Amino acid sequence: MLDRRHEPRATSTFKSAYVRTQSGLFYVTLRNVSDSGVCLDAYPGAAEGDEIQYCFDSAGPRTGVVKWVKEGRFGVSAEPDSLVNSSPQIFPPRSVRLPLSFSAHLFVNGRQEGVTISNLSIRGACISSPYEFRAGQLVSLKIADRCFELATIRWARQGCAGVRFAEPMHPGEFRSLVERLQQPPVHSRPHASPAQQPALSGMTT
């Protein structure tokens, strides 16, 4: 039978990925790969013509343009030769790391340490801190309102350490956490002017 399709067949896969747009980072799922581009789960606000970066393996971020959006997915073009050798069989087994930077709290040996997280995945995080960690230590890591107990220091060197969670996060939970981490901080309300201040009963002048 004559194959009338102009595009080469896509290689189906199911792998975590992230998309970077002007609105921030979004955790998505890579659905398939072809010579001309990729298909991923759509991020909020995805629209044809968007120029984005996307990453799903150790090759790092790639740049492309959204070509179509349909039924919760979108297709993005690829730069020439950028997907060469990108087959599911050679994808690295580790989860994709989202390059987020934010503060967190780590509990080790009965003390609390402020740390900075430089990347985050469903299985762990990379942290930086002056504390001298050692591989194999059990720690608890609090990120926003989520506490990861019985996490393990997998490696430590030059002020950085890799933390592996006891259990990987569910993709939906991870997506929600990433969204919360990128929300702008809530500033305290300014002091009310005298005209706006509530009346205080029982007060005499």
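What you see is a predicted model, and the numbers here were worked out from it, not measured in a lab.
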One pair to check against side-chain contact (heavy atoms from CB on, under 4.5 Å): R180 and D145. What are the steps and the verdict? CA-CA 9 Å; R180 295 200 302 275; D145 57 355; 2.8 Å; yes
Taking the side chain as C-beta and beyond, is there a heavy-atom pair between [X] and [Y] under 4.5 Å?
X	Y	value
R97	P99	no
C160	S128	yes
I143	L141	yes
L177	M169	yes
E51	T63	yes
Y27	L98	yes
L30	S16	no
V66	W68	no

*asked:* Pair T116, I127 - check side-chain contact (heavy atoms from CB on, under 4.5 Å), show working.
replied: CA-CA 5 Å; T116 299; I127 64 174; over 6 Å; no
- Message: Check for me whether R164 meets the cation-pi criterion with F148, that is, NZ or CZ under 6.0 Å from the six-membered ring centre and within 45 degrees of the ring axis.
- Response: no
If every non-hydrogen atom of [X] is compared with every non-hydrogen atom of [Y], which pair is closest and at what distance?
X	Y	answer
F165	S121	CE1-O, 3.7 Å
S140	C147	CB-SG, 4.3 Å
E113	S129	OE1-OG, 4.4 Å
V115	H105	CG2-N, 4.5 Å
L150	L138	O-CD2, 4.2 Å
V38	L40	CG2-CD1, 3.3 Å

Carboxylate-amine/guanidinium contact R175 E173, below 4.0 Å:
no
_So that I can tick it off, tell me whether D57 and K15 are bridged by a salt bridge, with the cut-off set at under 4.0 angstrom between side-chain N and carboxylate O._
no
(message) Hydrogens and angles aside, do N109 and Y131 bring a side-chain donor and acceptor to less than 3.5 Å of each other?
(response) yes
Find the distance between [atom1] ([X]) and [atom2] ([Y]) and round it off to the nearest 0.5 Å.
X	Y	atom1	atom2	answer
C126	N119	SG	CG	5.0 Å
F107	K142	CZ	NZ	6.5 Å
F102	I117	CZ	CD1	4.0 Å

Side chain to side chain contact (heavy atoms under 4.5 Å, CB included) test vs L120 passes for just one of L181, L25, V163, namely L181
Can you check whether [Y]'s main-chain N or O pairs, donor with acceptor, with [X]'s side chain at less than 3.5 Å?
X	Y	result
T152	R154	no
Q137	R134	yes
S77	V65	yes
D50	I52	no

- [ ] Examine Y18 and V178 and state if one hydrophobic cluster contains both, with Ile, Leu, Val, Met, Phe, Trp and Tyr joined whenever side-chain heavy atoms are less than 4.5 Å apart.
- [x] yes
request  = Begin with the C-alpha distance, continue with both residues' side-chain angles, and end with the deciding distance and a verdict on side-chain contact (heavy atoms from CB on, under 4.5 Å) for V96 and C55.
outcome  = CA-CA 8 Å; V96 66; C55 180; 4.3 Å; yes
Report task. Would you please indicate yes or no on a ring centroid separation below 6.0 angstrom for F74 and Y43? Result -> yes
| request: Apply side-chain contact (heavy atoms from CB on, under 4.5 Å) to the pair R73 and R31, showing each step before the final yes or no. | output: CA-CA 9 Å; R73 299 183 183 182; R31 295 291 178 173; 3.8 Å; yes
_Please verify the inter-ring angle class for Y54 with F56; under 30° counts as parallel, over 60° as perpendicular, anything in between as tilted._
parallel
Note to self: Does Q182, at its CD atom, have more than 12 non-hydrogen atoms belonging to other residues, nucleotides or ligands within less than 6.0 Å?
What the structure shows: yes
